[in-house]
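Presented below is the structure to which this report refers.
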Amino acid sequence: MTTVRQLGVLTGGGDCPGLNPVIRAITRRALNAGVAVLGIRNGWKGLIELDIIPLDLKSVSGILPRGGTILGTSRTNPFRKPGEAERLLQNLQTLKLDAIIAIGGEDTLGVASKLAKQGVRVVGVPKTIDNDLSSTDYTFGFDTAVNIAMEAIDRLHTTAESHHRIMVAEVMGRHAGWIATCAGIAGGADVVLIPEEPIDLDAVCELIRQRHSRGKDFSIVVVAEGAQFKNQPAVVQGHVKDDFGHVRLGGVGHALGAMIEARTGFETRVTVLGHLQRGGSPSAFDRILGTRFGIKAVDLVLAGDFGKMVSLQGNQIRAVPLEEAAGKLKIVDPELYAIAKIFFG
Ligand code: F6P
């Protein structure tokens, strides 16, 4: 056991539904155990700039159903600019923070893992709508995003059918097509295209033609933003990179829609769901998972079990080494994608 008097909590990277339930659970569990909680604003940036707010029962009251994060977020990487990591370490001392809980995806947890190796007492909580973090079956935020995408596909279905059109829905999913696959299966999409497999345009168009020839004169195509045409790079909105080297993806849906229309002659329309998938109230699943993760993260801190990430394995909440979780992406299970493919056409 380690004595922890004061705990810092931060949210980094893209926001997602479920962050506030985690912050709430951490704060309540810690305060119950007599540990003070400081909210670090805007991810790692807040630790570099000493942008801190104390969290008490009042500050986390009523936030369970709220999307976004009351702490704000950023994509700041303290290891990018010289001197920032040192300032961060110094500020940990100044603030008398005995431990940090970092809530984030591969980038935020990658920083947490590096800091843990330097002796910082840190615990990670896995967040991303993309569900692409390894060592956990699910990240919170994913379930809400899948439900939003599924509802969008349902809505596209009725208008596609009325107008006899091809509807392309572009969903998020930078490295992995979890949202596309799960929303595609749940919404009954005819084609699901993901970053894990190059887009075979001939096959997609042939399938749409076959549907038409058997009387189905509309089709729904779901494409993840990170899906790539054969031997082509990902379609991007711009080449500017963030602190972690990521370019802004987006546009594959429009490129694909234009090609389908040109090749098949069928009228094709495109909908990009974008940040709608990241906003708004978390689903019941994400509220429960976020709450369980938050409680477990504090328990690890209280037990002095640092350098770990909380994780969902089956229906159990466990702890895994941060290094293991942050270092590897979890791509779509081929068995699951095969199910999405069975319904192609
Ligand atoms: O990592 C989650 C994610 O939603 C990706 O799917 C997407 O590429 C990225 O964040 C976009 O984030 P932002 O628009 O906030 O930079």
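For this chain, numbers begin at 1 and follow the sequence in order. Just so you know, ligand 1 is whichever comes first in the structure, and atom 1 is the first atom listed for that ligand. Both backbone and side-chain heavy atoms feed into the values below; hydrogens, waters and symmetry mates do not.
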Q.
At less than 4.0 angstrom from any atom of ligand 1, which residues have a non-hydrogen atom? List them by chain and residue number.
A. R75, I129, D130, M172, G173, R174, E225, H275, R278

Q. Looking only at side chains, do E86 and Q90 share a donor and an acceptor under 3.5 Å apart?
A.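 The answer is no; no qualifying pair exists.
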
Q) Do you see a donor-acceptor pair shorter than 3.5 Å between the side chains of T144 and N147? A)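 The criterion, which ignores hydrogens and geometry beyond distance, is not satisfied for N147 and T144.
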
Q) Hey, what's the ring geometry for H212 with F266, parallel, tilted or perpendicular (30° and 60° as the breaks)? A) parallel

Q | ring pair (Phe, Tyr, Trp, His ring centres under 6.0 Å) contacts in which one or both residues fall within residues 100-137, not counting sequence neighbours | A |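 For residues 100-137, and leaving out neighbouring residues, there are no ring pair (Phe, Tyr, Trp, His ring centres under 6.0 Å) pairs at all.
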
Q: State plainly whether the residues R174 and E106 are in salt-bridge range, i.e. N to O under 4.0 Å.
A: no

Q | Geometric cation-pi criterion R211 and F218, 6.0 Å radius, 45° cone | A |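 Yes, a cation-pi geometry holds between R211 and F218.
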
